[in-house]
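A, B, ... follow the sequence lines: proteins, then strands. Residue 1 opens every chain. Predicted model only: the values in this text are computed from it and were never measured.
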There are 2 protein chains.
Amino acid sequence: MIAELLPERTVERLSKYRRVLSRELENGMDHIYSHDLAKLLHITPVQVRRDLMLIGHTGTLRKGYDIAKLIKLIGEIIDCSGIQKVAIVGLGQLGMALLNYLQNNKNKLHLTAAFDNNPEKIGHIFQGIPCYDEQQLKEVVEKEKITIGILTVPANKAVEMSHRMTDSGILGIINYTPASLKLDNAFLEEYDVITSLEKVAYFSKPFNLDLYKKLIQSQQ
Amino acid sequence: MIAELLPERTVERLSKYRRVLSRELENGMDHIYSHDLAKLLHITPVQVRRDLMLIGHTGTLRKGYDIAKLIKLIGEIIDCSGIQKVAIVGLGQLGMALLNYLQNNKNKLHLTAAFDNNPEKIGHIFQGIPCYDEQQLKEVVEKEKITIGILTVPANKAVEMSHRMTDSGILGIINYTPASLKLDNAFLEEYDVITSLEKVAYFSKPFNLDLYKKLIQSQQ
DNA sequence: AATCATTTGTTTACATTTTAACAATGCAAA
DNA sequence: TTTGCATTGTTAAAATGTAAACAAATGATT
Ligand SMILES: NC(=O)c1ccc[n+]([C@@H]2O[C@H](COP(=O)([O-])OP(=O)(O)OC[C@H]3O[C@@H](n4cnc5c(N)ncnc54)[C@H](O)[C@@H]3O)[C@@H](O)[C@H]2O)c1
Ligand SMILES: NC(=O)c1ccc[n+]([C@@H]2O[C@H](COP(=O)([O-])OP(=O)(O)OC[C@H]3O[C@@H](n4cnc5c(N)ncnc54)[C@H](O)[C@@H]3O)[C@@H](O)[C@H]2O)c1
């Protein structure tokens, strides 16, 4: 077991390692080299070895890493064997897309509930997930022991809802609204589509793209 | 004008500065201090000043930064005054949500076209955006001079489509599929929902969250 | 006019993340 | 048996990103 927090980027890559490794396992592979795993994610073998070192996974010199064992270890680190439950708060266009996505693509997250304030959605079940009235947030989150929330309400409700989520016992929120949040007792991950697009716009302006390509090349 | 590429994180923050500053402008503000701008995004004033230094914007000592001028400058840096056009490739659940989002929330991006292979969508117009047959990708991208693409096709089509996009003249792609891409002649930004959620899962495990909170506190 | 408080701009230091370097290992083949 | 080679694990260096420190400026106040 690891005593310290892993770097954020390492955790992100662990998630990706697990996903591609599961596919390799299904294809009948049982071991993999760092450079082959790296190739699947377009990163360097060094980074793979370093990440695996950090989680204490050790391979064999001639066969590489044991895929099944590695998947299991990553699961213990990220999921704690699926103890955490997830809720979607705001079942609009984006929330519904995410609900379908999470339910249809098998993954380790236990999506458990959705919340909305629209009477047409409250009480219905979508892909097996019940949609509750947002007034019941605290009640349901406490009863179901939900610890992770996906925030997809209109931006002007985001601050209020995020606080109600943490007050109900949610420990981690992923915020897809453009509102900038600040939480004291939970881990917060924000993702802003417009910002992401504007970043692409900046780096793909022809002049900048040239500079960027030169930068990349000079590093190889 | 700036001769060098800006750091990626600075560009991301510039996008957010512009958005909150536009709101301040609408509220009748004309100048803002670094610490007030910082508060709006929950970052430090130092970071604001450093970012603005990098883009060569200079404030006045007693009034702070001129909001209108700053918005204009950020626009010139990110958008080149809106010269770049955007296409959505794959108009499914996520693609459609993004289309509506981009059209309904005023922003500087010129969404111009969408592409799909589903006959029920091809030829229709959604929120003013025409959906073309994906076979016409090259033709339309070239004719309209589209330079930015949002990739939301099924994962197993992502590699092929990304190459067709860059072959057609697209210079920047934001990839929402879980497929890991590698492009030689374009800027690539990937966003993986599952990875993002699994990261939240890791850091919000009670033991890790405690470590994380201590870490944050020790930095203040 | 001199002082004070405030805020910017810039340099310096710190932290995180990535990449490089290389010793250690162990199997295969000569 | 010994040499060679491919691969891991780890330490060191470089790059990137963030925060702190502080001088310079400016206007308000005494
Ligand atoms: N649609 C997208 O592709 C997209 C992309 C990026 C970000 N976003 C952001 O995600 C959020 C949702 O976007 P959307 O397009 O799905 O909007 P939407 O209006 O379709 O969905 C919002 C949903 O939240 C519900 N709601 C309102 N108040 C609520 C409350 N207090 N508690 C619970 N539910 C509540 C509404 O009934 C609605 O179903 C917005 O903040 C938007 O800016 C959307
Ligand atoms: N739905 C979500 O919330 C969500 C979240 C994260 C990531 N994703 C990813 O985004 C992608 C799309 O997800 P979705 O839920 O919208 O799936 P979807 O099946 O609803 O949408 C895919 C769309 O792409 C179209 N398509 C198929 N082949 C195409 C081609 N060659 N060219 C153009 N269009 C083509 C399909 O007709 C369909 O309309 C998937 O890769 C998925 O993994 C989805």
Side-chain angles (χ1 to χ4, degrees), chain A residues 2 4-17 29-39 41-67 69-70 73 190 195 199 202-203 211-212 214-220, chain B residues 2 4-17 29-39 41-67 69-70 73 190 195 199 202-203 211-212 214-220:
Chain A
I2 313 297
E4 298 265 329
L5 274 180
L6 293 169
E8 298 204 14
R9 296 299 148 87
T10 294
V11 175
E12 291 177 12
R13 283 189 295 269
L14 288 179
S15 161
K16 291 177 200 274
Y17 294 154
M29 306 271 298
D30 56 352
H31 285 73
I32 194 167
Y33 296 128
S34 61
H35 59 261
D36 287 327
L37 179 49
K39 223 172 279 170
L41 295 172
H42 303 108
I43 60 178
T44 67
V46 187
Q47 194 145 56
V48 171
R49 293 206 297 275
R50 218 180 171 292
D51 287 336
L52 300 193
M53 187 192 77
L54 288 176
I55 64 172
H57 181 83
T58 168
T60 64
L61 207 38
R62 224 45 198 193
K63 294 196 283 181
Y65 301 100
D66 181 318
I67 296 180
K69 276 195 190 142
L70 183 48
L73 177 60
E190 308 209 87
T195 288
K199 176 180 170 184
Y202 173 81
F203 283 100
L211 286 177
Y212 181 76
K214 272 180 205 144
L215 194 77
I216 301 291
Q217 275 171 0
S218 74
Q219 285 169 1
Q220 283 162 357
Chain B
I2 312 296
E4 298 265 330
L5 275 180
L6 294 168
E8 299 205 14
R9 297 297 149 88
T10 294
V11 176
E12 291 177 11
R13 283 188 295 268
L14 289 179
S15 160
K16 290 176 200 276
Y17 295 154
M29 307 272 296
D30 55 352
H31 285 73
I32 193 166
Y33 297 128
S34 61
H35 59 260
D36 287 326
L37 180 48
K39 223 172 279 172
L41 295 173
H42 303 107
I43 60 178
T44 67
V46 187
Q47 193 143 59
V48 171
R49 294 206 297 276
R50 217 180 171 291
D51 288 335
L52 300 193
M53 188 191 77
L54 287 176
I55 64 172
H57 181 84
T58 167
T60 64
L61 208 38
R62 227 38 200 196
K63 294 197 285 183
Y65 302 100
D66 181 318
I67 295 180
K69 276 195 190 142
L70 183 47
L73 177 60
E190 309 208 86
T195 288
K199 177 181 169 184
Y202 174 80
F203 283 100
L211 286 176
Y212 181 77
K214 273 181 206 142
L215 194 77
I216 300 291
Q217 275 172 359
S218 75
Q219 286 167 2
Q220 283 160 359

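- Atom P of nucleotide C/dT19 and atom CD1 of A/Ile43 are separated by 9 Å, given to the nearest angstrom.
- Contact annotation: B/Tyr65 reaches the phosphate of C/dG9 (side-chain N/O to OP1 or OP2, under 4.0 Å).
- Rounded to whole Å, atom C1' of D/dT16 lies 14 Å from atom CD of B/Glu4.
- B/Leu61 has its CG atom 18 Å from the P atom of C/dC4, to the nearest Å.
- The side-chain heavy atoms of A/Leu70 and A/Ile55, taken from C-beta on, include a pair separated by under 4.5 Å.
- B/Arg62 comes within contact range of at least one nucleobase, with a heavy-atom separation under 4.0 Å.
- A close approach under 4.0 Å does not occur between any side-chain nitrogen or oxygen of B/Ser34 and OP1 or OP2 of C/dT7.
- As rounded to whole Å, 11 Å separates atom P of C/dT16 from atom CZ of B/Phe203.
- Contact annotation: side chain of A/Arg49 to base of D/dG9, donor-acceptor pair present below 3.5 Å.
- Each of B/Val46 and A/Asp51 was matched to the nucleotide of DNA chain C holding its nearest heavy atom; the match closer to the 5' end belongs to B/Val46.
- Considering only the side chain of B/Thr58, C/dG9 comes nearest among C/dG9, C/dA20, D/dG9.
- The side chain of B/Gln47 contributes an N or O atom lying less than 4.0 Å from OP1 or OP2 of D/dA19.
- Summarising the geometry, the separation between CD1 on A/Ile32 and P on D/dA6 is reported as 19 Å, rounded to the nearest angstrom.
- The distance between atom CG of A/Leu215 and atom P of C/dT19, rounded to the nearest whole Å, is 12 Å.
- With the nearest nucleotide of DNA chain D identified for both A/Gly59 and A/Arg50, A/Gly59 has the one nearer the 5' end.
- Of all nucleotides listed (D/dT11, D/dA20, C/dT11), C/dT11 comes nearest to the side chain of B/Met53.
- Atom CD1 of A/Ile43 is separated from atom CZ of A/Arg9 by 13.0 Å, given to the nearest 0.5 angstrom.
- With D/dA20, C/dT18, D/dT7 as the candidates, the nucleotide lying closest to the side chain of A/Arg13 is C/dT18.
- For B/Tyr33 and C/dT6, the OH to C1' distance is 8 Å, given to the nearest whole Å.
- Two residues are said to be in side-chain contact when any heavy atoms from C-beta on lie closer than 4.5 Å; A/Arg13 and A/Leu41 fail this criterion.
- We find that CD of B/Glu8 is positioned 15 Å from C1' of C/dT16, with the value rounded to whole Å.
- Between A/Asp51 and A/Gln47 there is a side-chain heavy-atom pair separated by less than 4.5 Å.
- Among residue pairs with one or both ends in residues 30-39 of chain A, those qualifying as side chain to side chain donor-acceptor pair (under 3.5 Å) are A/Ser34-A/Arg49; sequence neighbours excluded.
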